[in-house]
Participant: 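Input: one structure, supplied below.
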Amino acid sequence: MQIQVKCSCGEEKCPEWAILELQGVVEAQPSFKDRLQNLRIGTLCRPTSQENYTFTVGYHELTGTKVPLKKPMLVLKKIKLSTEEEKGDINSSKVELDVIGVIRQRILFKTRPKALISKPQPTEKEKVSAAVSN
């Protein structure tokens with residue numbers, strides 16, 4: 001079976017993607033098991049102009065660095081094509097792969113997460129009493 005790969009975004013214009021590489025296991029809560037697609041698990045930030053990144057998941061913060069891949073990888077979207085004659089035969093449908101991105105970098109988080117502990121936010125009563133005493 002021959003599979004055609006095409007790029008509709010043009011040469012050298014494909015969007016850049018990156019791989020997030022984490023050590024350990026990321027597990028979703030049982031209530032989210034059926035809805036993992038588009039599930040937001042954290043916030044990725046680059047606080048400085050350097051190649052350092054922070055990834056915050058809940059009350060945990062990971063620090064990572066950008067590492068180039070030895071060989072680039074493609075992000076593909078599978079498109080099934082069928083012609084009028086072949087609708088009766090399910091196995092004869094043609095498959096085409098469309099390039100939707102290129103991965104040249106990975107962001108590696110190889111250290112243990114740091115716990116984020118912040119002081120609790122004051123309630124409205126505490127804010128009002130602090131303003132009155134001033």
Side-chain angles (χ1 to χ4, degrees):
M1 178 162 120
Q2 185 178 12
I3 300 175
Q4 292 183 348
V5 178
K6 70 173 188 169
C7 183
S8 57
C9 52
E11 197 172 315
E12 300 293 326
K13 294 182 183 177
C14 285
E16 287 281 330
W17 289 40
I19 295 175
L20 293 182
E21 186 173 325
L22 306 170
Q23 305 300 317
V25 178
V26 177
E27 292 182 357
Q29 294 177 351
S31 60
F32 292 111
K33 288 286 184 189
D34 299 332
R35 299 175 283 145
L36 290 179
Q37 187 173 1
N38 297 327
L39 178 66
R40 182 177 174 185
I41 61 169
T43 305
L44 180 67
C45 297
R46 188 172 74 175
T48 62
S49 61
Q50 300 172 0
E51 297 300 312
N52 294 328
Y53 289 82
T54 59
F55 186 49
T56 307
V57 180
Y59 292 105
H60 303 283
E61 184 178 79
L62 295 141
T63 304
T65 56
K66 188 187 276 189
V67 180
L69 294 175
K70 290 180 182 177
K71 292 184 178 181
M73 297 169 58
L74 295 177
V75 181
L76 303 171
K77 181 178 180 180
K78 185 177 181 180
I79 302 170
K80 290 186 180 181
L81 304 172
S82 60
T83 60
E84 294 290 329
E85 313 162 344
E86 300 171 344
K87 283 193 176 180
D89 188 11
I90 298 171
N91 295 333
S92 66
S93 63
K94 294 182 179 181
V95 175
E96 190 175 85
L97 298 175
D98 189 21
V99 178
I100 59 172
V102 178
I103 302 172
R104 292 189 176 98
Q105 311 281 336
R106 68 181 176 155
I107 302 172
L108 177 62
F109 298 96
K110 59 183 176 181
T111 58
R112 295 184 62 85
K114 179 175 72 172
L116 297 176
I117 302 173
S118 62
K119 69 179 192 178
Q121 297 293 325
T123 60
E124 286 299 316
K125 273 187 179 177
E126 292 174 4
K127 286 181 183 177
V128 171
S129 64
V132 171
S133 64
N134 288 336

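All of these numbers come straight from a predicted model, not from anything done at the bench.
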Participant: Quick one: does Val95's side chain get under 4.5 Å of Ile79's, heavy atoms only?
Facilitator: no
Participant: Nearest 0.5 Å, what's the CG-NZ distance between Asp98 and Lys77?
Facilitator: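 Reported value, rounded in 0.5 Å steps: 7.5 Å.
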Participant: With heavy-atom distances below 4.5 Å as the criterion, would you say the side chains of Val99 and Cys14 are in contact?
Facilitator: yes
Participant: Partners of Gln23 by side-chain hydrogen bond (donor to acceptor under 3.5 Å, both in side chains), sequence neighbours excluded?
Facilitator: none
Participant: Looking at NZ of Lys114 and OG1 of Thr56, how far apart are the two atoms once the value is rounded to the nearest 0.5 Å?
Facilitator: 9.0 Å
Participant: Applying the side-chain contact (heavy atoms from CB on, under 4.5 Å) test to Leu62, which of Thr54, Leu44, Leu22 qualifies?
Facilitator: Leu22
Participant: For residues Leu69 and Arg104, determine if any side-chain heavy atom of one lies less than 4.5 Å from a side-chain heavy atom of the other.
Facilitator: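 No, too far: nothing below the 4.5 Å cut-off.
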Participant: Do Leu97 and Leu74 belong together in a cluster built from hydrophobic side chains that touch within less than 4.5 Å?
Facilitator: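 Cluster IDs for Leu97 and Leu74 match.
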Participant: I need the Arg112 CZ to Thr63 OG1 distance, nearest 0.5 Å.
Facilitator: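 If I round to the nearest 0.5 Å, the distance is 14.0 Å.
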Participant: Considering all heavy atoms of both residues, which atom of Trp17 and which atom of Ile100 are nearest to each other, and what is their separation?
Facilitator: NE1-O, 3.8 Å
Participant: Quick check: is Ile103 connected to Leu20 through a chain of hydrophobic side chains (ILVMFWY, heavy atoms under 4.5 Å apart)?
Facilitator: no
Participant: Hey, does His60 have a side-chain heavy atom less than 4.5 Å from the side chain of Leu116?
Facilitator: no
Participant: Decide yes or no for Met73 and Ile19: does some side-chain heavy atom of the first lie under 4.5 Å from some side-chain heavy atom of the second?
Facilitator: yes
Participant: Is Ile41 reachable from Phe109 through a run of I, L, V, M, F, W or Y residues, each pair having side-chain heavy atoms under 4.5 Å apart?
Facilitator: yes
Participant: In chain order, what residues pass the ring-ring contact (aromatic ring centres under 6.0 Å, His included) check against Tyr53, with sequence neighbours excluded?
Facilitator: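 Residues passing ring-ring contact (aromatic ring centres under 6.0 Å, His included) with Tyr53: none at all.
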